[in-house]
There are 2 protein chains.
Amino acid sequence: MKFRSIQPQRKRLADEVYAQLVAAIMRREIGPEDRLVQEKLAADMQISRTPVREALMRLEQEGVLEVSTRGSFKLYNMDAQEVRELYQSRAAVEGQCARILAVNHTEEDIAYLRSKVKKEEAVSENTARAYFEANRNIHRAFVEVAGNRFLLDMFDMIWGKAMAFCLFAEIENVDLKKSLGDHMQLVDVIESGDKTATLEKFIDHIQDGFDLQMEGLDSGS
Amino acid sequence: MKFRSIQPQRKRLADEVYAQLVAAIMRREIGPEDRLVQEKLAADMQISRTPVREALMRLEQEGVLEVSTRGSFKLYNMDAQEVRELYQSRAAVEGQCARILAVNHTEEDIAYLRSKVKKEEAVSENTARAYFEANRNIHRAFVEVAGNRFLLDMFDMIWGKAMAFCLFAEIENVDLKKSLGDHMQLVDVIESGDKTATLEKFIDHIQDGFDLQMEGLDSGS
DNA sequence: TCTCTGCATACTGTATACAATATGCAAACA
DNA sequence: TGTTTGCATATTGTATACAGTATGCAGAGA
């Protein structure tokens, strides 16, 4: 007999709610002005408030949402200083992964990263959202290959916040391709095995992203 | 008229439960064998299951607890590989803070850090717990002064996991003072302003901590 | 007209009831 | 005796009822 084990991977409704909220934020259906009300969301999804509440509180803890009027939630609104800090934290996480990879990588790792970069850089859509996704996928690949679950968690936390804060819209007016073309060099420097050079290269790359972001913010305002 | 504003800083019972659980873990009243049951905890604290549940799920999300038999929770049990990864993530966060501090610090920052290190290194109790606390306070001070809220959050997450996993007991048999005496040098290298040297110094320091930890684990088993 | 007070309303947080699921044990069967 | 089945129990996840708190508006008083 051969039966596949049945894995109800989503036991908790709260996880489903969480996923739906994240998706809605990504699709920009939830804007900075919207107030997220437990009862309303529960009614829309046709479930009780309890799981909705759990998902909202989780997003609050992750810094994606913040308490709004009457105790309901809204998107946390990031200022320029926080954007800077977020980039600094990216540098911390991704820089360390780069160091790890420089010292500790196989030929397969390099090949995998090259193919990943190639695939993602060939993004067809020319929207900020598509750019964001491709960029995230590439950077996440480095962290995945580095093989440290804590750093991967931090990566997701950081990018989750970026996703939430409408950091996309503001860069519509920047040449999206400019930054997306540099990733192959990152693989090259990892292959060199020089951990300090690799770290610096990654940090510079992230700094470039930050500069582009700021440029976008300036011209956008 | 002068009235102090009344700030019910803990609106949610869940926060109180969370704090109590963390404290209990720190006091080692909750061991790796204990199973945390919502109903039982609720009864002990004389509140309903709802806030207990929220606190437990938060600790689960943070990686402090994991699902145990019958869906209840127990302390997440870390293996040696994960301990290594945790140290790597510490290096990421604290190394980046060190870089930031090297480039960007005032005389007051340096003076504050020196006084903090001096004060904490003078820890009187000779227990693993006291050592852990002092060490954490010192390292947290660096991150605080670096002034990046995301890195501070990550720091707390990392040290929260360390706290939970009984990483103290295993180092009882190591000379606790050995590592605690090195912190003033960290301030010195920050003062030098060399960001690469500072990063390397911090990473080496954390690596030393890891080596001590491993030594403790080996001799303990 | 402007300010203040009080009430209606909109929410949340907490308790509790209910349904579903996993686990272990005991009894039935080979 | 060993294996399987079914039931009792433990424990969760979800829904819902209730109570408390914040907010805005309407009406009274200056």
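Naming convention: chains lettered A, B, ... in sequence-line order (proteins, then strands); numbering from 1 in each chain.
- Taking atom NZ of residue B/K74 and atom C1' of nucleotide D/dT12, one finds them 17 Å apart after rounding to whole Å.
- Under the side chain to side chain donor-acceptor pair (under 3.5 Å) criterion, B/R149 pairs with A/E82, A/E85, sequence neighbours left out.
- Distance A/R12 CZ to C/dA22 C1': 15 Å, rounded to the nearest Å.
- Terminal axes of the helix from C/dT1-D/dA30 to C/dA30-D/dT1 (five pairs each, C1' rotation axis) are separated by 10°, to the nearest 10°.
- Under the side chain to side chain donor-acceptor pair (under 3.5 Å) criterion, B/Q20 pairs with no residue, sequence neighbours left out.
- Residues meeting the side-chain contact (heavy atoms from CB on, under 4.5 Å) test with A/A24, sequence neighbours left out: A/R27, A/E29, A/I30.
- By the side-chain contact (heavy atoms from CB on, under 4.5 Å) test, A/E133 is found to be paired with A/M26, A/R129, A/R136, residues two or more places apart in sequence or in another chain being considered.
- Annotation: side chain to side chain donor-acceptor pair (under 3.5 Å) contacts of A/K40 (sequence neighbours excluded): A/D44.
- Every residue two or more places apart in sequence or in another chain that forms a side chain to side chain donor-acceptor pair (under 3.5 Å) with A/S72 is listed here: A/R35.
- At a non-hydrogen distance threshold of 4.0 Å, A/R49 from residues 43-51 of chain A come into contact with DNA chain C.
- Scored by the side-chain contact (heavy atoms from CB on, under 4.5 Å) test, B/D156 finds B/R140, B/L152 as partners (sequence neighbours excluded).
- Using modelled atom types and a 3.5 Å distance limit, the side chains of B/Q61 and A/E62 yield a donor-acceptor pair.
- Every residue meeting the side-chain contact (heavy atoms from CB on, under 4.5 Å) condition with B/T106, not counting sequence neighbours, appears here in chain and number order: B/E108, B/D109.
- Between the CG atom of B/D15 and the C1' atom of C/dG13 there is a distance of 12 Å, given to the nearest Å.
- For A/E39, there are no salt bridge (charged side-chain N to carboxylate O under 4.0 Å, His left out) partners at least two apart in sequence or on another chain.
- In this structure, A/L41 places its CG atom 9 Å from P of C/dT12, rounding to the nearest Å.
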Are there any protein N/O atoms within less than 3.5 Å of an N/O atom in nucleotides 5-11 of chain C, and if so, which ones and at what distance?
none

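- Using cut-offs of 30° and 60° for the angle between ring planes, the A/F202 and A/F142 rings count as perpendicular.
- Atom CG of A/L13 and atom C1' of C/dA20 are 12 Å apart (whole Å).
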